[in-house]
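Okay, structure first, notes after.
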Amino acid sequence: MSRSVESSSARPEVTPEDLHRAVRAAVEVLRHAPEDAWSEKAGSLEWDCWETVEHLSDDLFAYAAQMGPATPPSTGEVPFLWQSRRPGGPANAIHADRSAGPAGLLQVLEASGALLVAMVRTMPPQTRAYHGYGISDPEGFAAMGIVETLVHTHDLAQGLDLPWTPPANLCARVLARLFPHAPQDTPPWPTLLWATGRTELPDHPRLTTWRWDSTPRD
């Protein structure tokens, strides 16, 4: 499936239901991870699988928090304290209690995803809040949350030896919203992995630096 069909008409909106679908699918896959595999490295990342789920949870929480103040910030992030638990580990505001085990870790992921879903559903579409890749709107934060979920679950699936191929139409919608200049004639999931520096495509070498455009598409 290429994106030619979806891109030939008006851009399809990214919805809160899309985000809920992405988080739910990720959690269902990760439930099958072996109990002793969470210390494995997550794909090409420098973090282990437990840390990567904490990082993903932190992303979803932070995106929700950006839209929370009565006047969302336009020049920086809501000043939570982000800190790493070890040198080289992810700097998070969200950390899971390790005594709760993998089931507790996945609850943290579900809860953080639900916070962002709720914020995207309830905030007026004209809401604008800061992100380092461009001031964004609720749809943009939903799309960013989906990308974080899909690609970090890819990283986790590599480390945990799990199968993971998200729905093509979901990938196509977030590509159209955040990566409008990505190739249009390649399958959506490999294209999203290419756009986030995780693989190469025919005639498109693997990216060594990348970023999305989170500005509204009004």
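None of the values given here were measured: they were computed from a predicted structure. Computed over heavy atoms, backbone and side chain alike; hydrogens, waters and symmetry mates excluded.
A donor-acceptor pair is defined here as one N or O able to donate and one able to accept, closer than 3.5 Å; no such pair exists between the side chain of R217 and the backbone of S214. H204 places no side-chain N or O within donor-acceptor distance of the main-chain N or O of T191, the cut-off being under 3.5 Å. Although no hydrogens or angles enter the test, the distance criterion places a donor-acceptor pair under 3.5 Å between the side chain of R211 and the main chain of G132. In terms of modelled atom types and a separation under 3.5 Å, the side chain of T15 and the main chain of D18 share a donor-acceptor contact.
Shown here are the side-chain hydrogen bond (donor to acceptor under 3.5 Å, both in side chains) partners of E139, two or more places apart in sequence or in another chain: R11, R177. With sequence neighbours left out, the side-chain hydrogen bond (donor to acceptor under 3.5 Å, both in side chains) criterion links E35 to no other residue. Residues meeting the side-chain hydrogen bond (donor to acceptor under 3.5 Å, both in side chains) test with W210, sequence neighbours left out: none.
N169 contributes atom CG, which lies 4.5 Å from atom CZ of R173 (distance to the nearest 0.5 angstrom). In this structure, L156 CG and E40 CD are separated by 12.0 Å, a value rounded to the nearest 0.5 Å. Of the inter-residue distances, the one linking H154 atom NE2 with H152 atom NE2 reads 11.0 Å to the nearest 0.5 angstrom. Within the model, atoms CZ of R206 and CG of L193 stand 9.5 Å from one another, a figure rounded to the nearest 0.5 Å. For the atom pair NE2 (H95) and CG (L105), the distance works out to 12.5 Å, reported to the nearest 0.5 Å. Atom CG of D59 sits about 11.5 Å away from atom CZ of F141, to the nearest 0.5 Å.
One finds a salt bridge joining R86 and E51 here, because a Lys/Arg side-chain nitrogen approaches an Asp/Glu carboxylate oxygen to under 4.0 Å. A salt bridge links E17 to R121: at least one charged side-chain nitrogen sits closer than 4.0 Å to a carboxylate oxygen.
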> Between R98 and W50, does a side-chain contact (heavy atoms from CB on, under 4.5 Å) hold up when you go through it step by step?
Replying inline: CA-CA 9 Å; R98 289 193 178 248; W50 183 285; 3.1 Å; yes

> Should Y133 and L178 be marked as a side-chain contact (heavy atoms from CB on, under 4.5 Å) after you check the CA-CA gap, both sets of side-chain angles, and the distance that decides it?
Replying inline: CA-CA 10 Å; Y133 290 173; L178 297 176; over 6 Å; no

> Can you list the steps and then say if D137 with R128 is a side-chain contact (heavy atoms from CB on, under 4.5 Å)?
Replying inline: CA-CA 5 Å; D137 57 359; R128 299 291 184 269; 3.3 Å; yes

> Passes side chain to side chain donor-acceptor pair (under 3.5 Å), H55 versus D58? Steps please.
Replying inline: CA-CA 5 Å; H55 167 77; D58 191 79; 5.7 Å; no

> Could you walk me through whether H181 and D213 pass the side-chain contact (heavy atoms from CB on, under 4.5 Å) check?
Replying inline: CA-CA 10 Å; H181 302 300; D213 179 359; over 6 Å; no

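Aromatic ring pairs are classed by plane angle as parallel below 30°, tilted from 30° to 60° and perpendicular above 60°; the pair H131 and W212 is tilted.
When all heavy atoms of L109 and V23 are compared, the pair lying nearest together is O-CG1, 4.3 Å. Nearest approach of P183 to W194, heavy atoms of both residues: CD-CZ3, 3.4 Å. The minimum heavy-atom distance between G89 and S84, with the atom names listed, is O-OG, 3.1 Å. Listed here is the closest heavy atom pair of L175 and A182: CD2-CB, 4.2 Å. For the pair C171 and P188, the tightest heavy-atom approach, listed with the atom from each and the gap, is CB-CB, 3.7 Å. Looking at every heavy atom in both residues, A70 comes nearest to P72 through O-CD, 3.5 Å.
Cluster membership for Y63 and Y130, using ILVMFWY side-chain heavy atoms within less than 4.5 angstrom, is not shared. Taken together through direct or relayed side-chain contacts under 4.5 Å among Ile, Leu, Val, Met, Phe, Trp and Tyr, L116 and I135 form parts of separate hydrophobic clusters.
Cluster partners of L45, using a side-chain heavy-atom cutoff of under 4.5 Å among ILVMFWY residues and allowing indirect links, are W47. Cluster partners of F80, by chain and number: F61, V78, W82, I94, V108, L115. The rule joins Ile, Leu, Val, Met, Phe, Trp and Tyr whenever side-chain heavy atoms lie under 4.5 Å apart.
The 12-atom threshold is not exceeded at CG of D203, counting heavy atoms of other residues, nucleotides or ligands nearer than 6.0 Å.
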Solution key, residues 157-168 side-chain donor-acceptor pairs under 3.5 Å, sequence neighbours excluded:
residue : atom : partner : partner atom : Å
W164    : NE1  : L150    : O            : 3.1

